[in-house]
Engineer: 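Supplied in structure tokens, the structure appears directly below.
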Amino acid sequence: MHALVEQATEHWVYLAPLLSDPHSEAEYDARVEALDEILDLVGDDETHPLAGLANRLGDIIESYDEAHRPMPEVSGNEVLRYLMQEHGIAQSELPEIGAQSVVSEVLSGRRKLNWRQICELSERFGIATDSFKEPREKLRVLT
């Protein structure tokens, strides 16, 4: 074990900046850039020597994002509306949901997306199914 500690000591000066929590946007950007470089090297090889470093760096970046860049709570229909606008898609161009009338009901909030629709939209737009998750309703405290 002594040799491992010696190696860690020798290389820590190079690894510490990657493994410490970022305290500014510049430090965050540096972690993201480093992760991109590491992922280019690692690719899909989970046995690559740097795969563990990539995972840990991803966790550090995710933690910073959650603390400093929280995702706004929006409804599934708001996400869909945004995606349609960004991709220039009309209501009639969403076979994943159904007929134009069904899309209209979803966009107006009269109908919720079902699991099949969410999965197909997620695949089409390359985003996580959680993107369409409805925000939690705030609980009222009864007194």
Side-chain angles (χ1 to χ4, degrees), residues 1-100 102-141:
M1 187 65 152
H2 183 67
L4 182 60
V5 172
E6 281 182 27
Q7 286 179 332
T9 302
E10 182 180 327
H11 298 285
W12 184 248
V13 68
Y14 305 107
L15 290 172
L18 291 175
L19 296 174
S20 62
D21 291 333
H23 297 290
S24 68
E25 288 293 316
E27 289 179 6
Y28 171 87
D29 291 341
R31 304 300 185 287
V32 170
E33 187 176 323
L35 179 58
D36 288 343
E37 289 181 36
I38 293 167
L39 290 174
D40 285 342
L41 294 170
V42 172
D44 292 334
D45 182 5
E46 294 180 9
T47 63
H48 191 283
L50 295 178
L53 178 59
N55 287 335
R56 179 65 186 121
L57 199 48
D59 291 344
I60 290 168
I61 291 167
E62 181 180 12
S63 176
Y64 185 91
D65 281 338
E66 288 174 355
H68 298 92
R69 301 174 175 180
M71 291 295 291
E73 294 218 4
V74 296
S75 64
N77 64 340
E78 291 171 306
V79 171
L80 179 60
R81 188 181 326 285
Y82 170 80
L83 291 168
M84 290 173 64
Q85 182 179 3
E86 284 297 304
H87 294 275
I89 297 171
Q91 290 183 12
S92 60
E93 299 173 316
L94 286 167
E96 297 86 355
I97 297 177
Q100 185 274 329
V102 176
V103 175
S104 181
E105 288 181 353
V106 168
L107 291 173
S108 70
R110 291 190 307 269
R111 179 183 270 195
K112 302 273 187 225
L113 292 167
N114 65 39
W115 183 243
R116 180 197 57 78
Q117 293 165 330
I118 289 171
C119 290
E120 289 183 18
L121 289 168
S122 174
E123 186 174 326
R124 176 177 181 170
F125 293 109
I127 61 175
T129 55
D130 280 354
S131 302
F132 295 100
K133 182 172 70 175
E134 295 296 320
R136 288 185 177 172
E137 297 208 18
K138 296 190 178 176
L139 300 174
R140 285 189 303 154
V141 179

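Source: prediction; values computed, not measured.
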Engineer: Going by salt bridge (Lys or Arg N to Asp or Glu O under 4.0 Å), name the pairs with one or both residues in residues 75-88, residues two or more places apart or in two chains.
Structural biologist: none
Engineer: Using only atom types and a distance under 3.5 Å, with no angle test, would you say the side chain of Asp130 pairs donor to acceptor with the backbone of Lys133?
Structural biologist: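 Such a contact is absent between Asp130 side chain and Lys133 backbone.
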Engineer: Measuring from atom CD of Glu6 to atom NE2 of His11, what distance do you get when rounded to the nearest 0.5 angstrom?
Structural biologist: 11.0 Å
Engineer: List in chain and number order the residues that pass side chain to side chain donor-acceptor pair (under 3.5 Å) with Gln100, two or more places apart in sequence or in another chain; answer none if no residue qualifies.
Structural biologist: Gln91
Engineer: Residues in salt bridge (Lys or Arg N to Asp or Glu O under 4.0 Å) with Arg111, at least two apart?
Structural biologist: Glu105
Engineer: One pair to check against side-chain contact (heavy atoms from CB on, under 4.5 Å): Leu83 and Ile127. What are the steps and the verdict?
Structural biologist: CA-CA 10 Å; Leu83 291 168; Ile127 61 175; 3.6 Å; yes
Engineer: For Ala3, enumerate each residue passing the side chain to side chain contact (heavy atoms under 4.5 Å, CB included) test, keeping only those at least two apart in sequence or located in another chain.
Structural biologist: none
Engineer: Who are the salt bridge (Lys or Arg N to Asp or Glu O under 4.0 Å) partners of Lys112, not counting sequence neighbours?
Structural biologist: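 In terms of salt bridge (Lys or Arg N to Asp or Glu O under 4.0 Å), with neighbours along the sequence ignored, Lys112 is linked to Glu134.
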Engineer: Which residues pass the salt bridge (Lys or Arg N to Asp or Glu O under 4.0 Å) test with Glu25, not counting sequence neighbours?
Structural biologist: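 By the salt bridge (Lys or Arg N to Asp or Glu O under 4.0 Å) rule, Glu25 matches Arg69.
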Engineer: Please name all residues satisfying ring-ring contact (aromatic ring centres under 6.0 Å, His included) with His87, sequence neighbours left out, ordered by chain then number.
Structural biologist: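 If we apply the ring-ring contact (aromatic ring centres under 6.0 Å, His included) test to His87, skipping adjacent residues, the hits are Phe125.
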Engineer: Listed by chain and number, what are the salt bridge (Lys or Arg N to Asp or Glu O under 4.0 Å) partners of Glu120, not counting sequence neighbours?
Structural biologist: Arg116
Engineer: Residues in side chain to side chain donor-acceptor pair (under 3.5 Å) with Asp29, at least two apart?
Structural biologist: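 Not a single residue meets the side chain to side chain donor-acceptor pair (under 3.5 Å) criterion with Asp29.
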Engineer: Just so I know, are the side chains of Ile97 and Leu80 near enough to count as touching, which here means a heavy-atom distance under 4.5 Å?
Structural biologist: yes
Engineer: Between Leu113 and Gly76, what is the shortest heavy-atom contact and its length?
Structural biologist: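 Closest pair (atom of Leu113, atom of Gly76, distance): CD1-O, 4.2 Å.
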Engineer: Can you tell if the side chain of Leu53 reaches within under 4.5 Å of the side chain of Leu19, non-hydrogen atoms only?
Structural biologist: yes
Engineer: Scan for ring-ring contact (aromatic ring centres under 6.0 Å, His included) pairs involving residues 51-74, sequence neighbours excluded, and state none if there are none.
Structural biologist: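 Sorted pair list: Tyr28-Tyr64, Tyr64-His68.
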Engineer: Measuring from atom CG of Leu15 to atom CG of Leu18, what distance do you get when rounded to the nearest 0.5 angstrom?
Structural biologist: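 If I round to the nearest 0.5 Å, the distance is 6.5 Å.
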Engineer: I need the minimum non-hydrogen distance between Leu35 and Ala54, along with the two atoms involved.
Structural biologist: CD1-O, 3.5 Å
Engineer: Pairs under 3.5 angstrom only: tabulate donor-acceptor contacts from the side chains of residues 40-52 to other protein residues two or more places apart or in another chain.
Structural biologist:
{"from": "Asp45", "atom 1": "OD1", "to": "Thr47", "atom 2": "N", "distance (Å)": "2.9"}
{"from": "Asp45", "atom 1": "OD1", "to": "Thr47", "atom 2": "OG1", "distance (Å)": "2.5"}
{"from": "Asp45", "atom 1": "OD1", "to": "His48", "atom 2": "N", "distance (Å)": "3.4"}
{"from": "His48", "atom 1": "ND1", "to": "Leu50", "atom 2": "N", "distance (Å)": "2.9"}

Engineer: When you measure from the side chain of Arg110 to the backbone N and O of Val102, does any donor-acceptor pair fall under 3.5 Å?
Structural biologist: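 Not at all, since once roles are kept as given, no pair shorter than 3.5 Å links the two residues.
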Engineer: Where is the tightest heavy-atom contact between Ser122 and Ala128, given as atom of each residue plus distance?
Structural biologist: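 Nearest heavy atoms, Ser122 then Ala128: OG-C, 3.6 Å.
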Engineer: Are side-chain heavy atoms of Val32 and Ile61 found at a separation under 4.5 Å?
Structural biologist: yes
Engineer: Please round to the nearest 0.5 Å and tell me the distance separating atom CE of Met84 and atom CG of Asn77.
Structural biologist: 11.0 Å
Engineer: Applying side chain to side chain donor-acceptor pair (under 3.5 Å), can you list everything that pairs with Arg124, at least two apart in sequence or on another chain?
Structural biologist: Glu96
Engineer: Taking the side chain as everything from C-beta on, heavy atoms only, tell me whether Val106 gets closer than 4.5 Å to Leu94.
Structural biologist: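 Counting from C-beta outward, Val106 and Leu94 never come under 4.5 Å.
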